[in-house]
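Written below as structure tokens is the structure these notes are about.
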Amino acid sequence: MSRMSEQLPEYAERVLEVAERIPPGRVMTYGDVAEWLGEGGPRQVGRVMALFGGAVPWWRVVRADGVPLPGSELRALEHYRAEATPLRSTPAGGPRLDMRRARWDGDEAHI
DNA sequence: AGCTTGACCGACC
DNA sequence: TGGTCGGCCAAGC
């Protein structure tokens with residue numbers, strides 16, 4: 001097939017595919033996704049999400065420290081509330097994800 | 001070819 | 001809890 005109008009790079013497709021598998025109420029970090037794919041790194045995953053994340057549950061792919069996506073934290077928090085994702089209230093500042101409980105390793109058996 | 005940037009991460013203090 | 005630092009790796013300029 002010829003390159004009509006630039007399709008999604010294969011790597012991007014794989015990243016989005018993983019993002020779609022994350023169960024509601026759970027999250028994976030950028031690094032987790034990269035590690036699961038065994039390809040690329042957190043920053044590559046971050047780039048893919050920045051460019052094409054809008055097509056998938058982007059709020060389920062987060063930074064390792066559990067800080068909601070800057071600029072979209074309100075929308076993200078709405079989703080977390082709606083799907084009962086474990087949050088942790090911090091003394092100063094807004095809520096963060098409770099990574100210990102919300103983190104998903106990508107294994108369907110651990111849902 | 002070299003330098004900067006970015007939806008990052010872990011170690012350290 | 002929070003800030004810095006070095007490492008990371010692809011893209012842009």
Side-chain angles (χ1 to χ4, degrees):
Chain A
M1 151 174 106
S2 55
R3 73 183 83 133
M4 322 179 123
S5 52
E6 177 77 44
Q7 306 227 128
L8 246 59
E10 277 194 34
Y11 181 65
E13 277 196 42
R14 285 196 282 273
V15 168
L16 298 179
E17 205 172 309
V18 173
E20 276 180 334
R21 302 183 30 187
I22 305 174
R26 308 299 296 279
V27 299
M28 279 180 91
T29 72
Y30 298 98
D32 288 341
V33 174
E35 190 181 331
W36 196 93
L37 288 172
E39 188 182 359
R43 315 199 78 130
Q44 279 54 252
V45 173
R47 177 188 354 275
V48 171
M49 291 306 289
L51 294 174
F52 316 108
V56 300
W58 51 266
W59 59 92
R60 297 180 193 150
V61 181
V62 301
R63 277 169 46 165
D65 59 8
V67 173
L69 178 63
S72 304
E73 49 272 277
L74 291 192
R75 265 160 303 175
L77 287 170
E78 279 177 41
H79 285 292
Y80 297 146
R81 183 164 52 84
E83 42 188 78
T85 309
L87 299 175
R88 259 173 113 63
S89 41
T90 63
R96 282 194 287 180
L97 289 155
D98 182 344
M99 294 308 286
R100 212 168 27 178
R101 292 195 293 152
R103 200 170 192 170
W104 185 57
D105 59 15
D107 187 342
E108 305 283 359
H110 295 184
I111 302 179

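Heavy-atom basis, side chains included; hydrogens, waters and symmetry copies ignored.
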Item to check | Closest non-hydrogen atom pair between A:Tyr80 and A:Trp59, with its separation | outcome: OH-O, 2.5 Å
Item to check | Candidates C:dG2, B:dA7, B:dG6 - which lies nearest the side chain of A:Arg96 | outcome: C:dG2
Next on the checklist: What is the separation between atom CZ on A:Arg43 and atom P on C:dG7, rounded to the nearest whole Å?
Outcome noted: 14 Å
Item to check | Gap between atoms CD and C1', on A:Gln44 and C:dC8 respectively (whole Å) | outcome: 8 Å
Item to check | Toward the 5' end of DNA chain B, by each residue's nearest nucleotide, A:Asp32 or A:Arg47 | outcome: A:Arg47
Next on the checklist: Just the rounded figure in Å: distance from P of B:dG10 to CE of A:Met99.
Outcome noted: 10 Å
Checklist entry - To the nearest Å, how far apart are A:Met49 CE and B:dA7 P? => result 12 Å
Checklist entry - Rounded to the nearest Å, what distance is computed from the CG atom of residue A:Asp65 to the P atom of nucleotide B:dC12? => result 18 Å
Next on the checklist: Working note: A:Arg14 + A:Glu10, criterion salt bridge (Lys or Arg N to Asp or Glu O under 4.0 Å); need CA distance, chi angles, decisive distance, verdict.
Outcome noted: CA-CA 6 Å; A:Arg14 285 196 282 273; A:Glu10 277 194 34; 3.4 Å; yes
Item to check | A:Glu35 CD to B:dG10 C1', straight-line distance once rounded to whole Å | outcome: 13 Å
Checklist entry - Counting any heavy atom closer than 4.0 Å, what does A:Thr29 reach on the DNA or RNA strands: base, sugar-phosphate only, or nothing? => result sugar-phosphate
Checklist entry - With side chains defined as the heavy atoms from C-beta onward, is the minimum distance between A:Glu20 and A:Pro57 less than 4.5 Å? => result yes
Next on the checklist: Once you apply a heavy-atom cut-off of 4.0 Å, does A:Ala50 come out as touching a base, just sugar-phosphate, or nothing?
Outcome noted: base
Checklist entry - Looking only at heavy atoms, what is the nearest atom pair of A:Pro68 and A:Leu77, with distance? => result CG-CD2, 4.4 Å
Checklist entry - Which part of the nucleic acid does A:Arg63 contact within heavy-atom distance under 4.0 Å: base, sugar-phosphate only, or nothing? => result sugar-phosphate
Checklist entry - Expressed in angstrom and rounded to an integer, what is the separation of A:Leu97 atom CG from B:dC9 atom C1'? => result 16 Å
Item to check | Pairwise P distance, B:dA7 and C:dG7 [rounded to whole Å] | outcome: 22 Å
Checklist entry - Within the structure shown, what part of the strands sits under 4.0 Å from A:Gly41 by heavy-atom distance: base, sugar-phosphate, or nothing? => result nothing
Checklist outcome for this item: Here the distance between atom P of C:dA11 and atom CZ of A:Phe52, to the nearest Å, is 11 Å
Item to check | Complementary nucleotide of B:dA7, counting Watson-Crick and G-U pairs under 3.5 Å | outcome: none
Next on the checklist: Are A:Arg60 and A:Pro24 packed together at the side-chain level, in the sense that at least one heavy-atom pair is separated by less than 4.5 angstrom?
Outcome noted: yes
